Student: 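Attaching a single structure in C-alpha cells format; questions to follow.
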There are 2 protein chains.
Amino acid sequence: MARALQEARAAALRGEVPVGAAVVGAEGIVAAAGNRTRELNDPTAHAEMLAIRAACAALGNERLIGHDLYVTLEPCPMCAAAIGFARIARLYYGAPDAKGGGVDHGPRIYTHPTCHHAPQVYGGIGESEAAALLRQFFAERR
Amino acid sequence: MARALQEARAAALRGEVPVGAAVVGAEGIVAAAGNRTRELNDPTAHAEMLAIRAACAALGNERLIGHDLYVTLEPCPMCAAAIGFARIARLYYGAPDAKGGGVDHGPRIYTHPTCHHAPQVYGGIGESEAAALLRQFFAERR
C-alpha cells in the first residue's frame, strides 16, 4: 500500500484525483499506477485499470491469478468489475467511497450471482493517509 | 449498428468473442472497435472500452457529451460504468446478456443513486444478427 500511496501523491502533483494502485504477486510489485484520466483524456484511466493493464502486459496474460491489488480508494464499479475479470485474488483498499464506490457501496459488484470471480476484500488499509490526500486535493480546488 | 456488427465479425475472425462497438456523434462515426482481450492480453479491452478510449483520444476530451454508443451485446458492469463516466447520451445494444450484462441484468449499473450519469438505453437493436454471431462462435469452440 506504500507504493499505491506514492502513486496517489504523484497523481495529485499532476493535477489528477489522487488515487494510486499496485499489483503484487509472489514476485513482488508487478505494476503500479496513479490516476491519469485528465492527462490521457481517458475516462477509463483509473489507477486500478492502468495497473491491471500494465501487469497483464508485463506477464503476457489477461488473468492475474494469485496476484493482489492494493488501491488507495474503494474501486468504482468499472474497476471492481475489471478486478474480477483479471481474477485478482485479494483486493486491499484504503478509503471507502460512499459516493463512487462499487465494492461496498452502490452496485456492490461482487454480490451478484452473475459475478464470475470475486476477490477477497479488505478495506481500510492505509485509510487515513489515502483519505487525507483526497481531502487536501479537493479542498485546494474549492 | 451496422458498423458495430462489422467490428464483431472482425473480432470473431481474430478468435475473439464477437462483440463490436461504435461511438457516433453529429459528425458521424468517431471510433469503432471490436473485442481484443486475447490479442492484447488485456481483460479491459472490451469493444466498448476500446471505442470509448479511441473516441476520447480523437476528440481530445474525456467526455463524449452528445455522442451515442452502439454495441452488439449488452455491456458488462465495467463497460456500463465507463459509458456513464464518458457521459454517453444514448446506448443502443443488440443482444441481452443475462449472464454477464450489467445494464438490464446483474448489478444494473444505472439504477443506483450513486450513478452520476445514465444514458438513455435502447436494447434489442440488431439483436438477431448479434446473437447469431455469438452462438456460432461458441458453438464452434465446444
Side-chain angles (χ1 to χ4, degrees), chain A residues 16-17 23 35-46 48-65 74-88 97-118, chain B residues 16-17 23 35-46 48-65 74-88 97-118:
Chain A
E16 304 273 2
V17 175
V23 173
N35 182 25
R36 289 188 187 268
T37 54
R38 291 178 189 185
E39 174 190 340
L40 301 178
N41 280 322
D42 180 353
T44 77
H46 288 189
E48 303 94 309
M49 303 292 276
L50 297 179
I52 287 172
R53 290 172 55 204
C56 288
L59 301 176
N61 198 318
E62 62 170 305
R63 294 184 176 179
L64 299 170
I65 291 169
E74 178 187 343
C76 77
M78 173 182 73
C79 293
I83 288 164
F85 290 148
R87 303 292 191 271
I88 289 286
D97 186 358
K99 286 185 184 171
V103 174
D104 292 319
H105 296 92
R108 299 174 195 270
I109 291 294
Y110 306 129
T111 63
H112 299 270
T114 51
C115 175
H116 298 303
H117 171 83
Chain B
E16 304 274 3
V17 174
V23 173
N35 182 25
R36 289 186 187 268
T37 55
R38 291 178 190 185
E39 175 190 339
L40 301 178
N41 280 322
D42 181 352
T44 77
H46 288 188
E48 302 94 310
M49 303 291 276
L50 297 178
I52 286 172
R53 290 172 55 203
C56 288
L59 300 176
N61 198 318
E62 61 170 305
R63 294 185 176 178
L64 300 170
I65 291 168
E74 179 188 344
C76 76
M78 173 182 73
C79 293
I83 288 163
F85 290 148
R87 303 292 191 272
I88 290 286
D97 186 358
K99 287 185 183 171
V103 175
D104 292 319
H105 297 92
R108 300 172 195 270
I109 292 293
Y110 305 129
T111 62
H112 299 270
T114 52
C115 176
H116 299 303
H117 172 83

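Reminder, nothing fancy here: chain letters follow the sequence lines and each chain counts from 1. All of these numbers come straight from a predicted model, not from anything done at the bench.
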Student: Between Pro77(B), Gly60(B), Ala86(B), which has the largest tally of heavy atom pairs under 4.5 Å with chain A?
Tutor: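 Greatest number of close heavy-atom pairs with chain A: Gly60(B).
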Student: Any idea which of His105(A), Arg63(A), Lys99(A), Arg108(A) has the most non-hydrogen atom pairs under 4.5 angstrom with chain B?
Tutor: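 Option with the top pair count is Lys99(A).
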Student: Quick one: what part of Arg87(A) sits under 4.5 Å from any heavy atom of chain B, side chain, backbone, both or neither?
Tutor: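 For Arg87(A), neither part sits under 4.5 Å from chain B.
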Student: Which distance, rounded to the nearest 0.5 Å, do you find between the OG1 of Thr44(B) and the CD1 of Ile83(A)?
Tutor: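 Result: 12.0 Å between the selected atoms.
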Student: By a 4.5 Å heavy-atom criterion (distance strictly below it), what part of Leu59(A) contacts chain B: side chain, backbone, both, or neither?
Tutor: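 Neither part.
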Student: Go through the atoms of Thr37(A) and report whether side chain, backbone, both or neither lie under 4.5 Å from a heavy atom of chain B.
Tutor: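 Answer is both: backbone and side chain atoms of Thr37(A) are under 4.5 Å from chain B.
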Student: Given a strict heavy-atom distance threshold of 4.5 Å, which part of His46(B) is in contact with chain A: side chain, backbone, both, or neither?
Tutor: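 Only the side chain of His46(B) comes within 4.5 Å of chain A.
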Student: Do Asp42(B) and Cys56(A) touch side chain to side chain, with heavy atoms closer than 4.5 Å?
Tutor: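 Side chain of Asp42(B) against side chain of Cys56(A), heavy atoms only: no contact under 4.5 Å found.
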Student: Would you mind checking which part of Arg38(B) comes under 4.5 Å of any heavy atom in chain A, side chain (CB onward), backbone (N, CA, C, O), both or neither?
Tutor: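 Contact with chain A: backbone and side chain both.
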Student: Give, as side chain, backbone, both or neither, the part of His116(A) having an atom under 4.5 angstrom from any heavy atom of chain B.
Tutor: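 Answer is side chain: those atoms of His116(A) sit under 4.5 Å from chain B.
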Student: Quick one: what part of Cys115(B) sits under 4.5 Å from any heavy atom of chain A, side chain, backbone, both or neither?
Tutor: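 Contact with chain A: none, neither part.
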Student: Does any backbone or side-chain atom of Ala98(A) lie under 4.5 Å from a heavy atom of chain B? Answer side chain, backbone, both or neither.
Tutor: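 Answer is backbone: N, CA, C or O of Ala98(A) sit under 4.5 Å from chain B.
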Student: At a heavy-atom separation under 4.5 Å, does Ala55(B) approach chain A through its side chain, its backbone, both, or neither?
Tutor: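 For Ala55(B), there is no contact with chain A at all, as no heavy atom is under 4.5 Å.
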Student: Is the shortest side-chain heavy-atom distance between Met78(B) and Met49(A) below 4.5 Å?
Tutor: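 Side-chain contact under 4.5 Å: yes.
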Student: Locate the shortest heavy-atom distance separating Thr114(A) from Pro107(B); write the atom from each residue and the value.
Tutor: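 Heavy atoms of Thr114(A) and Pro107(B) come nearest at OG1-CD, 4.4 Å.
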Student: What part of Cys79(A) gets within 4.5 angstrom of chain B, counting heavy atoms only: side chain, backbone, both, or neither?
Tutor: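 Cys79(A) has no heavy atom closer than 4.5 Å to chain B.
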Student: Can you find a heavy atom in the side chain of Ile109(A) that is under 4.5 Å from one in the side chain of Ile109(B)?
Tutor: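 They are in contact (side-chain heavy atoms under 4.5 Å apart), so the answer is yes.
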